[in-house]
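Okay, so here's the structure we're looking at.
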Amino acid sequence: MAEAWAAKFYNSPDWKALRMSLIIQRGPRCQRCGKDMTFDQINLIAHHKKPLTPINITDPNVSLNPDNIELICFDCHNREHGRFGYSKEHNVFLVYGSPLSGKTTLIKQLSSRGDLIVDINALFKAVSGLKMYDKPDNLKWNVFKIRDALIEQIAQRDGKWNDAYIEGGYPLKAVREHIKNHTGAKEIYCNATKEECNARAETMGIFANDYKKYISKWFLTFQP
């Protein structure tokens with residue numbers, strides 16, 4: 001459901017608060033396959049049993065009704081939508097914001113199997129074999145080269161991917177404008193306060209202090 005009206009809703013404070021309250025009430029477990037998502041809550045999707053449309057998304061009895069929402073894992077969410085082919089019309093989205101502002105969670109909510117996701121954290125994990133968010137400085141050059149190559153593939157519409165998501169901090173307006181002009185991407189800004197991001201950093205264990213530094217630097221350089 002990679003549409004502007006859907007992205008705006010899933011990025012709203014009301015939706016974020018409802019999703020978290022449902023996870024707390026029901027527990028971090030897929031309601032279909034039973035998979036325990038305690039340590040992987042980013043992949044726990046709040047799925048609307050009655051699909052959202054541009055019309056009913058403004059009706060809280062549908063969009064924000066807990067009875068219409070099912071907590072399912074990313075795999076079950078992909079099976080639900082069954083989007084295995086590809087479209088000739090590639091939609092591209094630039095999803096940006098402070099570290100820990102909810103970018104990855106939003107993309108998980110919007111994306112489907114067969115979409116192309118350019119995520120620095122995931123690229124670091126893929127090339128290093130380390131845990132998510134562990135990003136050795138000596139691998140930055142390699143990872144950024146891979147990221148740039150993927151963005152170029154998106155710009156050229158190479159491959160059979162469905163939609164594409166370019167995720168990152170991108171605090172500088174000129175950089176965002178360059179990516180948008182080069183790829184035809186639509187902007188999605190994950191709006192979160194510095195306090196909210198720092199609170200999430202507290203849950204990052206040994207990476208907490210590093211992420212607080214990243215967050216502070218982002219807010220100092222951000223250009224709306």
Side-chain angles (χ1 to χ4, degrees), residues 1-4 7 10-11 42-43 74 78 83 85-192 197 200-201 204 207 210-224:
M1 193 186 294
E3 302 289 347
Y10 287 123
N11 197 30
I42 201 168
N43 283 315
F74 193 52
N78 281 327
R83 297 171 184 167
Y86 73 96
S87 170
K88 291 182 179 179
E89 182 181 353
H90 298 287
N91 295 307
V92 181
F93 301 90
L94 174 62
V95 184
Y96 72 99
S98 166
L100 304 182
S101 60
K103 300 184 295 294
T104 301
T105 300
L106 176 61
I107 291 173
K108 292 289 185 183
Q109 187 76 50
L110 294 172
S111 63
S112 296
R113 188 177 187 273
D115 288 348
L116 179 58
I117 301 172
V118 183
D119 175 358
I120 283 291
N121 291 320
L123 291 176
F124 265 106
K125 184 177 186 296
V127 302
S128 71
L130 298 172
K131 292 182 178 181
M132 198 70 160
Y133 305 115
D134 191 351
K135 301 184 290 188
D137 286 341
N138 65 310
L139 295 181
K140 281 184 177 179
W141 186 90
N142 304 86
V143 170
F144 290 164
K145 282 291 184 180
I146 296 170
R147 177 202 62 186
D148 293 344
L150 288 171
I151 291 176
E152 187 61 28
Q153 289 178 26
I154 292 171
Q156 299 301 323
R157 300 304 191 261
D158 291 338
K160 297 182 178 181
W161 42 275
N162 298 331
D163 293 336
Y165 297 83
I166 303 170
E167 176 184 345
Y170 299 112
L172 301 181
K173 185 174 182 179
V175 175
R176 298 195 302 271
E177 289 298 321
H178 171 73
I179 293 174
K180 286 165 55 183
N181 292 335
H182 189 51
T183 65
K186 303 171 187 176
E187 278 191 7
I188 300 177
Y189 172 47
C190 285
N191 188 8
C197 296
R200 293 167 188 162
M204 298 293 289
F207 305 118
D210 289 339
Y211 267 84
K212 287 181 180 179
K213 292 177 183 177
Y214 301 152
I215 291 165
S216 179
K217 181 178 179 180
W218 189 90
F219 276 96
L220 284 173
T221 56
F222 176 55
Q223 298 171 339

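Keep in mind the model is a prediction, meaning the values are calculated, not measured. Position 1 is the first residue of the sequence; numbering continues from there.
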When you compare the side chain of Leu100 with that of Tyr214, does any pair of heavy atoms fall below 4.5 Å? no

Under 3.5 Å, which donor-acceptor pairs link side chains of residues 116-143 to any protein atom two or more places apart or in another chain?
{"unit_1": "Asp119", "atom_1": "OD1", "unit_2": "Asn121", "atom_2": "N", "d": "3.0"}
{"unit_1": "Asn121", "atom_1": "OD1", "unit_2": "Lys135", "atom_2": "NZ", "d": "3.4"}
{"unit_1": "Asn121", "atom_1": "OD1", "unit_2": "Tyr211", "atom_2": "OH", "d": "3.4"}
{"unit_1": "Ser128", "atom_1": "OG", "unit_2": "Phe124", "atom_2": "O", "d": "2.7"}
{"unit_1": "Ser128", "atom_1": "OG", "unit_2": "Leu130", "atom_2": "N", "d": "3.1"}

When you look at Glu152 and His182, which way does the side-chain contact (heavy atoms from CB on, under 4.5 Å) test go after all the steps? CA-CA 8 Å; Glu152 187 61 28; His182 189 51; 2.8 Å; yes

Tightest non-hydrogen contact, residues Tyr189 and Gly97, listed as CE1-CA, 4.1 Å

Rounded to the nearest 0.5 Å, what separates atom OH in Tyr96 from atom OG in Ser101? 10.5 Å

Tell me the closest heavy-atom pair linking Trp161 and Arg157, and the distance in Å. CH2-CD, 3.7 Å

Going from CD1 on Ile154 to CD1 on Ile166, what distance comes out if it is rounded to the nearest 0.5 angstrom? 4.0 Å

OG1 of Thr105 to CD1 of Ile42, rounded to nearest 0.5 Å, is 4.0 Å

Find the distance between NZ (Lys180) and OH (Tyr170) and round it off to the nearest 0.5 Å. 13.5 Å

Under 3.5 Å donor-acceptor pairs involving side-chain atoms of residues 144-151, not counting sequence neighbours:
none

Between Leu94 and Ala185, which heavy-atom pair has the shortest distance, and what is it? N-CB, 3.9 Å

Please report the interatomic distance CD1(Ile107) to CG(Asp163), rounded to the nearest 0.5 Å. 11.5 Å

Could you give the distance from CG (Asn11) to CD1 (Ile188), rounded to the nearest 0.5 Å? 7.5 Å

Any donor-acceptor pair under 3.5 Å linking the side chain of Lys103 with the backbone of Ser98? yes

Give the table of side-chain donor-acceptor pairs shorter than 3.5 Å for residues 216-224, with sequence neighbours excluded, one pair per line with atom names and distance.
{"unit_1": "Trp218", "atom_1": "NE1", "unit_2": "Gly169", "atom_2": "O", "d": "3.1"}
{"unit_1": "Thr221", "atom_1": "OG1", "unit_2": "Lys217", "atom_2": "O", "d": "3.0"}
{"unit_1": "Thr221", "atom_1": "OG1", "unit_2": "Trp218", "atom_2": "O", "d": "3.3"}
{"unit_1": "Gln223", "atom_1": "OE1", "unit_2": "Lys173", "atom_2": "N", "d": "3.1"}

